[in-house]
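One structure is given here, and the rest of the page talks about it.
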Amino acid sequence: MAWPWALAGLTTSLVLLYELSLLRQRLRSQPGRGILGHHASLREDWYAAVSAQPGSEVLAVQTLRNSVMSATVLASTAALALMSTVSLLAPSKGGTGGAPALSPRELMDLLLMGLLCASLVCSLFSVRLYNHAGFICGMPVGSGARTAWSPEAVRYIRDAGMLYGVGLRQMVLVVPVVVGLYHPLAGTVTAAVVTGGLVWLDRGHGTG
């Protein structure tokens, strides 16, 4: 009976270690450092380019609207998945009359809900920041108001993209957890493959 706990613990550890490495990269992000920092620099250069071109306001707002829609779809997916998970788990968590005992499957259930919650929160804040940036990008290029708000726009766009990337990765990490609910060993193997692939992408070998 020890091996289900060992496999569940290993799957959880792989996911949490990746989350910690992602947080470390986020806190220490620098232009060009990792794929998240690289794409953050791209968004900053994009804002500088559209801000130097009069008449680009509509194009800039449309571009940000596309980003808002992507983040909204991710948030909606995470919310629906979270509600479905809670609905499926609620009947099995009825009152048992005794002290609750955590099982390997319940550990995976908690990890699943945690990832979905984190993805939802990151996506929602990404939408919020992109919306704020849209108001600034809609101001006439060269106007005093736009010039005054430009530093905030750069920060909004950079952070919104970062949050979207983090939320997307947390949705990807749901895959090994779901697999682990059906077969603990398969979940551990999938977690190793998925986290390894994400680390490879985060080092600048793919999209993020």
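Numbers here are sequence positions counted from 1.
M113 is connected to L107 through a chain of hydrophobic side-chain contacts under 4.5 Å among Ile, Leu, Val, Met, Phe, Trp and Tyr, so both are in one cluster. In the hydrophobic clustering of this structure, V15 groups with Y182; members are Ile, Leu, Val, Met, Phe, Trp, Tyr whose side-chain heavy atoms approach within less than 4.5 Å, directly or through other members. Residues V172 and L112 fall within the same hydrophobic cluster, defined by Ile, Leu, Val, Met, Phe, Trp and Tyr side chains chained together at heavy-atom separations under 4.5 Å. With hydrophobic clusters built from ILVMFWY side chains whose heavy atoms lie under 4.5 angstrom apart, L80 does not share a cluster with L82. Under a hydrophobic clustering in which Ile, Leu, Val, Met, Phe, Trp and Tyr are joined whenever their side-chain heavy atoms come within less than 4.5 Å, directly or via other members, L181 and V86 fall into the same cluster.
Looking at heavy atoms from C-beta onward, L116 lies in side-chain contact with M171 at the 4.5 angstrom threshold. Side-chain contact between L17 and T195: absent, with no pair of heavy atoms (C-beta onward) separated by less than 4.5 Å. Contact annotation: the side chain of F125 never approaches that of D159 to less than 4.5 Å [non-hydrogen atoms, C-beta and beyond].
For the atom pair CG (D109) and OG (S103), the distance works out to 7.5 Å, reported to the nearest 0.5 Å. A distance of 11.5 Å separates OG1 in T85 from CG in L110, rounded to the nearest 0.5 Å. Taken from CD in E152 to OG in S150, the straight-line distance is 10.0 Å, to the nearest 0.5 Å. Atom CG of residue L168 and atom OG1 of residue T77 lie 10.5 Å apart, to the nearest 0.5 angstrom. Taking OG of S119 as the reference point, atom OH of Y164 lies at 9.5 Å (rounded to 0.5 Å). Atoms CZ and NE2, on R158 and H39 in that order, are 12.5 Å from each other to the nearest 0.5 Å.
Looking at every heavy atom in both residues, P151 comes nearest to A148 through CD-O, 3.6 Å. Pairing each heavy atom of A71 with each of S123, the nearest pair is O-CB, 3.7 Å. Here the closest heavy-atom approach between residue L7 and residue P184 is recorded as CD1-CB, 3.7 Å. Pairing each heavy atom of A40 with each of M162, the nearest pair is CB-CE, 3.9 Å. The minimum heavy-atom distance linking L120 with A75 is given by the pair CD1-O, 3.4 Å. The two residues C122 and Q170 make their nearest non-hydrogen contact at SG-OE1, 3.9 Å.
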inquiry  = Apply side chain to side chain contact (heavy atoms under 4.5 Å, CB included) to residues E44 and I157 and explain how you reach the verdict.
reply    = CA-CA 7 Å; E44 290 181 11; I157 293 171; over 6 Å; no
ask   = Does the side chain to side chain contact (heavy atoms under 4.5 Å, CB included) test come out yes or no for D202 and Y18, once each step is laid out?
value = CA-CA 11 Å; D202 291 343; Y18 175 77; 2.5 Å; yes
request  = Test side chain to side chain contact (heavy atoms under 4.5 Å, CB included) on W46 and V50 and set out the steps.
outcome  = CA-CA 6 Å; W46 169 82; V50 297; 3.7 Å; yes
task = Using the side chain to side chain contact (heavy atoms under 4.5 Å, CB included) rule, take R169 and E19 through it: C-alpha gap first, then chi angles, then the decisive distance, then the call.
result = CA-CA 9 Å; R169 282 158 175 76; E19 289 286 347; over 6 Å; no
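By the 6.0 Å contact criterion, CZ on R155 is enclosed, its count of non-hydrogen atoms from other residues, nucleotides or ligands being greater than 12. A 6.0 Å sphere centred on OH of Y47 holds more than 12 heavy atoms belonging to other residues, nucleotides or ligands.
For T11, the side-chain hydrogen bond (donor to acceptor under 3.5 Å, both in side chains) criterion is met by T188, not counting sequence neighbours.
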Give every donor-acceptor pair under 3.5 Å between a side-chain atom in residues 129-147 and any protein atom, sequence neighbours left out.
from: N131; atom 1: ND2; to: V127; atom 2: O; distance (Å): 3.3
from: S143; atom 1: OG; to: P140; atom 2: O; distance (Å): 2.8
from: S143; atom 1: OG; to: R146; atom 2: N; distance (Å): 3.3
from: R146; atom 1: NH1; to: C137; atom 2: O; distance (Å): 2.8
from: R146; atom 1: NH1; to: M139; atom 2: O; distance (Å): 3.0
from: R146; atom 1: NH2; to: S51; atom 2: OG; distance (Å): 3.0
from: T147; atom 1: OG1; to: S143; atom 2: O; distance (Å): 3.0

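Considering V179, L173, V177 as possible partners of V194, the one that fulfils the side chain to side chain contact (heavy atoms under 4.5 Å, CB included) test is L173.
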